[in-house]
Peer 1: 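Got a structure for you, written out below as structure tokens; questions coming shortly.
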Amino acid sequence: MNPNLSDLLTQTDRVMNSAESWHGDSDSYAPPKVHVGVDLGTAYTVLVVLDEQYKPIAGEYQFAQVTRDGLVVDFVGAVDLLKSMKARVEKKLGFELTSGASGYPPGVPQAEVRATANVLYGAGLDCTGLVDEPTAANNVLQIKDGAIVDV
């Protein structure tokens, strides 16, 4: 697990708790455009919400053993866990999350990639994208002269 993840989520919670613009009656305004990412990791499941400028505004992670080596081994457990995480984040934000993207380890069979998408669907998120993890890491880190290697 990224050692900075806990600090990042603590900071986003601090922003969320002080940002009244993210709370309120969902009937009185249109929800802001957000980007949702889900990582069904081997040790932790992570859900993060970014604003339109790709700055984190909410997130949650929880220890889980619903995947092993990139393969979903407990589909029902993964869906239930993601549903509960999604509900808690939605409560903080004051609006529903409707779509999200996820990553998968390189080299896994397409059936396993689809299983990851189906976990998102099962939790109430339209799966808008799936990308292999090294490519996702490169997109975040924007490495130009180097390589991301998934060992």
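Heads up: numbering here begins at 1 and tracks the sequence. Treat the numbers as computed from the prediction; the structure is a model and nothing was measured.
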Peer 1: Minimum heavy-atom separation for Phe63 and Tyr44, please, with both atom names.
Peer 2: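 Taking Phe63 first and Tyr44 second, the nearest heavy atoms are N-CD2, 3.5 Å.
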Peer 1: If hydrophobic clusters are built from ILVMFWY residues whose side chains come within less than 4.5 Å, do Leu40 and Val49 share one?
Peer 2: yes
Peer 1: If you look at every heavy atom in Ser84 and Leu81, which pair is closest and at what distance?
Peer 2: OG-O, 2.8 Å
Peer 1: Which residues satisfy the side chain to side chain contact (heavy atoms under 4.5 Å, CB included) test with Gln142, sequence neighbours excluded?
Peer 2: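 Counting only residues at least two positions away or on another chain, Gln142 forms no side chain to side chain contact (heavy atoms under 4.5 Å, CB included).
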Peer 1: Could you tell me which residues satisfy side chain to side chain contact (heavy atoms under 4.5 Å, CB included) with Ala117, sequence neighbours excluded, listed by chain and number?
Peer 2: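 If we apply the side chain to side chain contact (heavy atoms under 4.5 Å, CB included) test to Ala117, skipping adjacent residues, the hits are Tyr121, Cys127, Leu130.
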Peer 1: With a 4.5 Å limit on heavy-atom distance, are the side chains of Ser99 and Leu125 in contact?
Peer 2: no
Peer 1: Nearest 0.5 angstrom please: Lys55 NZ to His35 NE2, how far?
Peer 2: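 Nearest 0.5 Å value for the NZ-NE2 distance: 12.0 Å.
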Peer 1: Atom NZ in Lys33, atom CD in Glu52: separation rounded to 0.5 Å?
Peer 2: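 Answer rounded to 0.5 Å: 6.5 Å.
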Peer 1: The criterion is side chain to side chain donor-acceptor pair (under 3.5 Å); which residues satisfy it with Thr135, sequence neighbours excluded?
Peer 2: Asp132
Peer 1: If the condition is side chain to side chain donor-acceptor pair (under 3.5 Å), which residues does Glu90 pass it with, not counting sequence neighbours?
Peer 2: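 Side chain to side chain donor-acceptor pair (under 3.5 Å) list for Glu90, sorted by chain: Lys86.
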Peer 1: Output all residues satisfying salt bridge (charged side-chain N to carboxylate O under 4.0 Å, His left out) with Arg114, sequence neighbours left out; order by chain, then residue number.
Peer 2: none
Peer 1: For residues Gly103 and Thr116, report the shortest heavy-atom separation together with the two atoms involved.
Peer 2: O-CG2, 4.0 Å
Peer 1: To the closest 0.5 Å, what do you measure between OG1 (Thr67) and CG (Asp39)?
Peer 2: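 It is 8.0 Å, given to the nearest 0.5 Å.
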Peer 1: What residues, two or more places apart in sequence or in another chain, satisfy side chain to side chain contact (heavy atoms under 4.5 Å, CB included) together with Ala115?
Peer 2: Val72, Glu112
Peer 1: Working note: Val89 + Val36, criterion side chain to side chain contact (heavy atoms under 4.5 Å, CB included); need CA distance, chi angles, decisive distance, verdict.
Peer 2: CA-CA 11 Å; Val89 170; Val36 177; over 6 Å; no
Peer 1: Could you pull out all residues at least two apart from Gln62 that satisfy side chain to side chain donor-acceptor pair (under 3.5 Å)?
Peer 2: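 Testing Gln62 for side chain to side chain donor-acceptor pair (under 3.5 Å), a comparison that skips the adjacent residues, returns Arg88.
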Peer 1: Please list, chain by chain and in numerical order, all residues satisfying side chain to side chain contact (heavy atoms under 4.5 Å, CB included) with Ile143, sequence neighbours excluded.
Peer 2: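 Once residues adjacent in sequence are excluded, the partners of Ile143 under the side chain to side chain contact (heavy atoms under 4.5 Å, CB included) criterion are Asn138, Leu141, Ile148.
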Peer 1: Rest of the hydrophobic cluster containing Val131 (Ile/Leu/Val/Met/Phe/Trp/Tyr, side-chain heavy atoms under 4.5 Å)?
Peer 2: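 Grouped by the 4.5 Å side-chain rule, Val131 forms a cluster of one, so the answer is none.
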Peer 1: For the residue pair Val119 and Val66, establish whether any side-chain heavy-atom pair is separated by less than 4.5 Å.
Peer 2: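 Result no, sub-4.5 Å side-chain heavy-atom pair not found.
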Peer 1: How far apart are the closest heavy atoms of Leu71 and Pro109, and which atoms are they?
Peer 2: CD2-CD, 4.5 Å
Peer 1: As an exercise, state the distance from OG1 of Thr128 to CG of Leu120, rounded to the nearest 0.5 Å.
Peer 2: 8.0 Å
